[in-house]
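The structure appears below as structure tokens.
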Amino acid sequence: MHPLLGQFKLFVSMDKPLIFITNDDGFQAKGLEALIEIARPLGRVVVVAPEVAQSGMSHAITISSPLYLRKIKQEPDLEIYTCSGTPVDCVKMAFDSIMQERPALALSGINHGSNSAVSVIYSGTMGAASECSFYNIPSIGFSLLNPREDADFTAAQHYASIIIGRVLNTDDISIPMCLNVNIPDLPKEEIQGIRLCRQNKGYWREEFEKRFDPRGREYYWPTGIFLNQEEHATDTDEYALNNGYVSIVPMQVDMTDYNQLDQMYAWKF
């Protein structure tokens with residue numbers, strides 16, 4: 001048995017699997033509510049979500065202040081907690097302090113806004129999803145390409161249900177598994193389907209607009225644009241999303257540049 005699974009009583013119930021859910025938009029986010037609605041008919045659900053929005057926290061953890069955990073809902077097959085820390089703190093608290101058995105699946109989201117291309121490295125949603133995969137639990141991060149608080153998650157729920165069902169009913173999953181799923185902000189009938197993709201190469205170029213508050217103190221408001229380095233590639237998440245498809249990118253934590261490493265073997269030290 002993998003050492004990270006030793007702390008769990010392996011899930012043996014024949015009735016309902018245990019599903020863990022978190023996010024980075026906070027426990028009151030509409031996207032989290034949408035994901036809970038999908039998961040509840042499928043199994044027993046444990047939710048640990050941040051007290052406040054933690055977007056852009058990536059894989060950050062809290063190391064210099066205490067963490068507070070509060071149960072806010074207890075219903076049949078549903079427990080919801082809030083945590084004062086980051087999305088990854090929520091995962092660690094759930095796996096190390098709350099759950100006494102191994103979940104069958106871990107879900108993060110549904111995020112309000114895109115996490116495609118390089119945005120994945122900034123994402124608290126995907127930071128939490130990848131942390132779950134460290135425990136050898138299949139994990140999926142979901143994002144809708146609409147950052148508004150009142151976004152319509154109807155289409156996102158439809159496609160998230162399909163993908164979750166596929167993962168739960170597949171025996172040949174390679175572990176660890178972490179999927180980054182992005183859903184276009186389109187009506188369900190206008191989405192073209194689901195595409196397996198690779199991560200698009202590109203980066204954000206920020207600009208900081210100088211402004212002044214009512215007391216005359218200057219401050220800076222961040223803006224920026226995404227610079228796509230592969231505008232003509234047809235196998236990336238950006239291409240899929242721009243053409244009305246749901247994108248799925250299998251993610252990994254290993255950030256080694258193997259091409260660079262092969263060349264550097266010739267260096268002499």
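What you are looking at is a predicted structure, and each value in this text was computed from that prediction instead of being measured. Along the sequence shown, residues are numbered consecutively beginning with 1.
Taking CZ from R211 and CZ from R217, the interatomic distance works out to 15.5 Å, rounded to the nearest 0.5 Å. One finds the CD1 atom of I175 at 8.5 Å from the OG atom of S139 (value rounded to the nearest 0.5 Å). Of the inter-residue distances, the one linking L241 atom CG with S114 atom OG reads 6.5 Å to the nearest 0.5 angstrom. From S143, atom OG reaches atom CG of D237 across 11.0 Å, with rounding to the nearest 0.5 Å.
With salt bridges taken as basic N to acidic carboxylate O contacts below 4.0 Å, none links K188 and E190. Salt-bridge check for K201 with E238: failed, with every basic side-chain N at 4.0 Å or more from each acidic carboxylate O. Remark: K92 engages E131 in a salt bridge, criterion side-chain N to carboxylate O under 4.0 Å. Salt bridge annotation for R40-D77: absent, with no cationic side-chain nitrogen under 4.0 angstrom from a carboxylate oxygen. Salt-bridge annotation for R148 and D150: present, with a side-chain N of the basic residue lying under 4.0 Å from a carboxylate O of the acidic one.
Ring orientation note: the planes of W221 and Y219 are nearly perpendicular, at an angle over 60° on the 30°/60° scale. Classified by interplanar angle (parallel below 30°, tilted 30° to 60°, perpendicular above 60°), the ring pair Y135/F95 is tilted.
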Residue pair I36, I21: steps toward the side chain to side chain contact (heavy atoms under 4.5 Å, CB included) verdict: CA-CA 8 Å; I36 294 171; I21 299 179; 4.1 Å; yes
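Considering N23, N111, N180 in turn, N111 is the only one that fulfils the side-chain hydrogen bond (donor to acceptor under 3.5 Å, both in side chains) rule with T125. The side chain to side chain contact (heavy atoms under 4.5 Å, CB included) test with F142 is passed by exactly one of V246, I38, L107: L107.
With hydrogens and angles disregarded, no donor-acceptor distance shorter than 3.5 Å links the side chain of T82 to the backbone of A49. Using modelled atom types, no side-chain atom of E51 and backbone atom of C83 make a donor-acceptor pair closer than 3.5 Å. Between the S133 side chain and the S130 main chain, a donor and an acceptor come within less than 3.5 Å of each other. Not one N or O on the side chain of R195 forms a donor-acceptor pair closer than 3.5 Å with the backbone of D235.
Taking 4.5 Å as the limit, some side-chain heavy atom of R102 sits within range of a side-chain heavy atom of I137. Contact check for N228 versus E230: side-chain heavy atoms found under the 4.5 Å cut-off. At a threshold of 4.5 Å between non-hydrogen side-chain atoms, the residues I98 and L69 count as touching.
A ring-centre distance under 6.0 Å is found for H59 and F134. Taking the six-membered ring for Trp, H112 and F153 have ring centres closer than 6.0 Å.
Atom OH of Y68 is surrounded by 12 or fewer heavy atoms from other residues, nucleotides or ligands within 6.0 Å. Atom CD1 of I173 has more than 12 neighbouring heavy atoms from other residues, nucleotides or ligands inside a 6.0 Å radius. Other residues, nucleotides and ligands contribute at most 12 non-hydrogen atoms within 6.0 Å of the CG atom of D171. No more than 12 heavy-atom neighbours from other residues, nucleotides or ligands sit within 6.0 angstrom of CD on Q28. More than 12 heavy atoms of other shown residues, nucleotides or ligands fall within 6.0 angstrom of atom CD in Q192. Other residues, nucleotides and ligands place no more than 12 heavy atoms under 6.0 Å from the NZ atom of K73. Heavy atoms of other residues, nucleotides or ligands lying less than 6.0 angstrom from CZ of R166 number 12 at most.
For N200 and T236, the side-chain atoms include at least one donor-acceptor pair closer than 3.5 Å. With no hydrogens or angles considered, no side-chain donor-acceptor pair links N182 and S116 at under 3.5 Å. In this model, no donor atom of one side chain and acceptor atom of the other lie less than 3.5 Å apart for Q157 and Y159. Side-chain contact of S55 with D25: a donor-acceptor pair under 3.5 Å is present, judged by distance alone. For the 3.5 Å distance criterion, the side chains of T62 and D89 qualify, holding a donor opposite an acceptor. If you check the side chains of Q263 and Y265, you find no donor sitting under 3.5 Å from an acceptor.
F20 and I163 end up in different hydrophobic clusters when Ile, Leu, Val, Met, Phe, Trp and Tyr side chains are linked at under 4.5 Å. Cluster membership for L78 and L105, using ILVMFWY side-chain heavy atoms within less than 4.5 angstrom, is shared.
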